[in-house]
Amino acid sequence: MPSRIYLDYQSSKPVDPRVVDAMRPWFTERFGNPSSLHLEGDEATEALDGSRESVARFIGADRDEIIFTSGATESNNLAIIGYVTRNRRRGDHIVIAESEHISIHNIAKALEKQGFKVSKVGVDQYGRVSVEKLRRKIIDTTILVSIGWASSEIGTIQPMQEIAAVLRGRGIVLHSDAVAAEGLVPIDVRRVPVDLLTLSSNDIYGPKGLGALYIRKGVNIAPVMPGGGQERGLRSGTEDMPGIVGMAAAAGIMAAEMPAETLRLAQYRDRLIEGVLDRIPRSYLNGHPKARLPNNAHFRFDAIEGESLLLSLKDRGIAASTGSACSSKTLEPSHTLISYGLLHEEAHGSLEFTFGRWSGPADVDRVLEVLPGIVERLRSLSPLYEKEEKA
Amino acid sequence: MKSTSYSEKTLDHFRNPRNVGTLEGPDVAVGKVGNPVCGDLMYMYIRVSDDRIAEIRFQTFGCGSAVATSSMTTELVKGLTLDEAMKVTRTDVADALEGLPPIKMHCSNLAADALHDAIRSWREGRRGEAPAPPKAGEFRTSCGPPIAEPAVIEGAEELLAKGVYHGVEDPAAFVDKRVLIVDRGKPSVDAALALTKHTGRVIFMSANKEPSSKDDPRASLKRSDVKAIYEAEPVAVLGEGEVEKVRVHDIRENEEYELFVDAVVILAEADN
């Protein structure tokens, strides 16, 4: 049996060994607390500043615009809840995209319970936010719009420049969860004027349990977790120095390698998409054909179900992902897929491959070798396929 | 437990399903259960000889456990008499597979139901018929089997305005009455909730399965004073000059029973 082929980089990434090397001393030899005034403390402060600088440079920000958090979920909470509670006197209305990750929907739901009003802007058949629809959702009391930079699921990249242009000059803050896009598309907050930006460490091959929030100068937010006042009082708690140093190292490596790496991954993506659509009848690409993440190939197949696909791929040593209800905790299909117009039975037949730093051309070959047979076998069991064929 | 933590036996039946295919002929009956919208659809074909299942085949669209339970069901019942096969339950199938992840017990262990449906077809004389292809109306956006066609409920027309209502505009008609409201999607859920202001006894009856999602409008009934009954449908409204009771078809058990009520609300069919 050939070795495992991991094509689910959107779910989890290995930490780059170079990052692990950078982190190692901070567990044992360099254990100081940046708040301490002794030598060990000074050493930690210096590393904290340097790390902040490295993460800031990765997105074109200034050092004092970066706050370290425990990950993307915390960054999203701090950005959205922190901003709207601090600025409630200016308005109580926020707008999110229908296609957002569930974590954003749940934040919005929590805010609704506190009396905030939430509007959801729909997406088109490729999962792109319509700028026109967004304009119509904005009212006098709108204070924040949150749109993910790209979908980790269908890979569609949002027109962030145009979205920011709609909001410009209206006193509305733009937040973007960029975890799906970071390291895969260039993000420069000087060119695309977002005000709040969520980053995750693992999505650029850093350790899990660490993230960052970019807060544009002049944008005021309230902490959501009171405490000892670290991170400008916005994120209390003794700094996780190994994690922070790790995320910074990951950002530095990514900044240097990204241009060549994204071209390499896009080749695999394009070859896989072409091969699958070519070899498997009644297979379709989900998401935008062009404005899509360079590592993302998201398909759906008529008349078969995603979990069955995953189990069959697992037997052949391949790891992938699906938006089918049968593989979810709630038994509901992915709302991102539904939000862009798929019928439930179509969402059930979805299959996602995401490439990453340790992917190679042989991975594409192997998928193209086994997937047509798997789809054919499952269709031979399926009452839907035969009937559709007869019809 | 993860939804895909399957036993080796389940995985074996998924990888090497037994008795896949279809059967044809005058001695064949077909059972069907599920809905592609919900990610599961099964057809079970039985060839009956001397009141025994002589041959059995299945086709399944669904997840790993949907395929495995179909396969195991065919193994369990082959050669059994129809009476014996009717007694095979979802639990028997799950046990034979050395257990299923709990979350899969509700959603995809439908194979025994498909088998029972096939036996019912046989007994009701629907033999040698090809299964009906999925109707357009079945491809809906919410889960559960399709709402029963706004089937003619026997007696409903005769008792119109004598306890049968097509709306709840006149609350006075329902004060302190025992009201049965038939599932017609969200408007009927809203009507049921509204009626609880006027009477302490509101029964909501749905041919659908109990909602598993909070987004299903029917889920809101759970925390209300409405008594919700799922997988059941009224087949007749009975009474002399006014509604006295309804005859109810329990879909899961395939049994009928009577329920005493004062009023029956059947809203016009609405989009679900």
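Chain letters run A, B, ... following the sequence lines, proteins first and then strands; every chain starts at 1. Just so it is clear, the structure is predicted and the values come from calculations on it, not from any experiment.
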### Query
Does a sphere of radius 6.0 Å around CG in B:Asp225 hold more than 12 heavy atoms from other residues, nucleotides or ligands, not counting ones at 6.0 Å or beyond?
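Count not over threshold, so no.
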
### Message
Is it true that, when you exclude A:Glu376 itself, more than 12 heavy atoms of the residues, nucleotides or ligands shown sit nearer than 6.0 Å to its CD?
### Response
no

### Summary
So, the part of A:Ser380 with a heavy atom under 4.5 Å from chain B: the answer is backbone

### Query
How far does SG of B:Cys63 sit from CG of A:Leu310, to the nearest 0.5 angstrom?
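Reported to 0.5 Å precision, the distance equals 11.0 Å.
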
### Task
Starting at NE2 of A:His348, measure out to CG of B:Leu41 and round the result to the nearest 0.5 Å.
11.5 Å

### Query
What's the shortest heavy-atom distance between A:Arg377 and B:Arg15, and which atoms?
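Taking every non-hydrogen atom into account, NH1-O, 3.2 Å.
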
### Query
Can you check whether B:Phe61 reaches A:Ser308 side chain to side chain, under 4.5 Å on heavy atoms?
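No - every pair of side-chain heavy atoms lies 4.5 Å or more apart.
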
